[in-house]
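Before any comments, here is the structure.
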Amino acid sequence: MGSGLTKNKSKDLMNKYLSTSLPSYPGVWYGTLGGSPSAHSNCTLFSQWFLKNYTNDSVRLAMPSGNGYEMVDKFIAANGGKFSKSGTPQAFSLFSISPNNGNYGTYDAGHTGIVLGIDGNTVITGEANYGAPYGGLDAPYHNNGTVVMTRSLSTFNSSTGVTFVNLNNYLVDELKNTDNDNKKGEKKMMISFNYKGVGYSAIDGVMIAFTDLKYWAAVANTAKQNASFVDLGTVSEDQYNQFVKSYQYGK
């Protein structure tokens, strides 16, 4: 039994993050610094982006210090008693990892991210890492600027220096009532874009290219009714390359 997003759906969400125009360091976005070397490579930036886009208007954003380990505490303090700290992850939780934590290789700033789903004993997280280039959403250390991670539920908790805050009561409608069992009738997230005259549709972790745009348009129109649909329009070469790294091609 799972809750939240599957790993593939988590990649869809992370690609929305990657397609968002954000400042590079030393630029600032809602109180947190932009990333380096990629604009998206900063853990506090990703967590702040998620909170800004996926919690409702009653939630207040904290002004992050730039330290991932303080993200949970500062968010709780900014919201005056609405939230409480937990030692156990749940789908759609903000998390912080303590500084200089050998279990996760953190330094003085610690780390932060979002629990996007839980599947059995597997915790699925969305994360960004300052100082790391983007090498794909499955990239290993040194190229993990923006990634989807899987961790063990038995260890990814307060026993190893991780704290959480559950956001479920304050999510936007797009993320409410999701589960990752892929039940019949479940709406899936679909991302659609155009690059050099070719239409692309990405859904459930698979990207499909349509050289005949009329077929691509028909798929997109159907998705608007049966999926959570995001149209990115015409993308740049850099954005296209990010998608190629993140998805397998459907044939």
Side-chain angles (χ1 to χ4, degrees), residues 3-5 10 13-14 16-18 20 22-23 25-36 39-101 103-104 106-118 123-131 145-149 151 153 156-176 178:
S3 59
L5 304 180
S10 295
L13 185 144
M14 296 304 286
K16 288 178 69 175
Y17 171 64
L18 287 167
T20 303
L22 295 169
Y25 178 88
V28 176
W29 189 86
Y30 285 93
T32 188
L33 290 168
S36 177
H40 299 87
S41 297
N42 187 359
C43 65
T44 57
L45 181 65
F46 169 65
S47 289
Q48 192 80 323
W49 175 86
F50 182 92
L51 294 169
K52 174 69 173 65
N53 286 281
Y54 291 103
T55 59
N56 63 39
D57 291 341
S58 71
V59 172
R60 298 183 63 186
L61 298 179
M63 292 295 103
S65 63
N67 295 323
Y69 77 89
E70 293 183 309
M71 197 75 184
V72 163
D73 288 339
K74 285 184 173 293
F75 177 75
I76 291 172
N79 282 281
K82 281 185 180 179
F83 298 95
S84 58
K85 188 187 298 188
S86 170
T88 305
Q90 297 185 55
F92 306 125
S93 294
L94 170 69
F95 71 82
S96 285
I97 299 178
S98 59
N100 302 306
N101 187 325
N103 295 298
Y104 303 101
T106 63
Y107 298 102
D108 290 348
H111 187 53
T112 184
I114 301 293
V115 176
L116 296 174
I118 295 179
V123 181
I124 302 163
T125 62
E127 306 177 29
N129 291 282
Y130 188 82
T146 302
V147 288
V148 173
M149 298 281 292
R151 306 178 185 276
L153 182 63
F156 191 64
N157 51 51
S158 58
S159 70
T160 58
V162 191
T163 55
F164 307 86
V165 56
N166 182 4
L167 306 169
N168 277 275
N169 290 335
Y170 299 92
L171 295 173
V172 296
D173 289 344
E174 180 181 341
L175 293 185
K176 288 180 180 178
T178 60

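- How far CD1 of Ile118 is from CG of Leu5: 11.5 Å, rounded to the nearest 0.5 Å.
- By the side chain to side chain contact (heavy atoms under 4.5 Å, CB included) test, Thr106 is found to be paired with Ile97, Asn101, Tyr104, His111, residues two or more places apart in sequence or in another chain being considered.
- Distance check: Asn67 CG to Asp108 CG gives 8.5 Å after rounding to the nearest 0.5 Å.
- Atom OG of Ser93 sits about 10.0 Å away from atom CG of Leu116, to the nearest 0.5 Å.
- Nearest heavy atom pair, residue Gly66 against residue Ala109, reads O-CB, 4.2 Å.
- Ile124 places a side-chain heavy atom less than 4.5 Å from the side chain of Val148.
- Counting non-hydrogen atoms of other residues, nucleotides and ligands closer than 6.0 Å to NZ of Lys82 gives a total above 12.
- Side-chain atoms of Thr112 and Phe75, non-hydrogen and from C-beta on, never get closer than 4.5 Å to each other.
- For the pair Asn129 and Val147, the minimum side-chain heavy-atom distance is below 4.5 Å.
- Partner of Tyr54 under the ring pair (Phe, Tyr, Trp, His ring centres under 6.0 Å) criterion, out of Phe46, Trp49, Tyr17, Phe92: Trp49 alone.
- In terms of modelled atom types and a separation under 3.5 Å, the side chain of Gln48 and the main chain of Met63 share no donor-acceptor contact.
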Which pairs of donor and acceptor atoms, one on a side chain in residues 163-172, lie under 3.5 Å apart (sequence neighbours left out)?
from: Asn166; atom 1: OD1; to: Asn168; atom 2: N; distance (Å): 3.0
from: Asn166; atom 1: OD1; to: Asn168; atom 2: ND2; distance (Å): 2.6
from: Asn166; atom 1: ND2; to: Gln90; atom 2: OE1; distance (Å): 3.3
from: Asn168; atom 1: ND2; to: Ala91; atom 2: O; distance (Å): 2.7

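- When every heavy atom of Val115 is checked against every heavy atom of Pro89, the shortest pair comes out as CG2-CB, 4.1 Å.
- With contacts defined as side-chain heavy-atom distances shorter than 4.5 Å, the pair Lys74/Pro64 does not qualify.
- Interatomic distance, SG of Cys43 versus CZ of Phe95, reported as 8.5 Å (0.5 Å rounding).
- No donor-acceptor pair closer than 3.5 Å links the side chain of Asn42 to the backbone N or O of Tyr130.
- Counting heavy atoms from C-beta on, the side chains of Leu33 and Thr44 never come closer than 4.5 Å.
- In this structure, CG in Leu94 is found 8.0 Å from CD1 in Ile76, a value given to the nearest 0.5 Å.
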Inset, instruction - Would you sort out whether Val72 and Phe83 count as a side-chain contact (heavy atoms from CB on, under 4.5 Å), showing the intermediate values? - result: CA-CA 10 Å; Val72 163; Phe83 298 95; over 6 Å; no

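- If you take OG on Ser41 and CG on Leu18, they are separated by 8.5 Å, rounding to the nearest 0.5 Å.
- Under a 3.5 Å cut-off, the side chain of Thr146 and the backbone N or O of Ala128 do not form any donor-acceptor pair.
- When the side chain to side chain contact (heavy atoms under 4.5 Å, CB included) test is applied to Asp73, the partners found at least two apart in sequence or on another chain are Lys85.
- The backbone N or O of Thr20 sits less than 3.5 Å from a side-chain atom of His40, completing a donor-acceptor pair.
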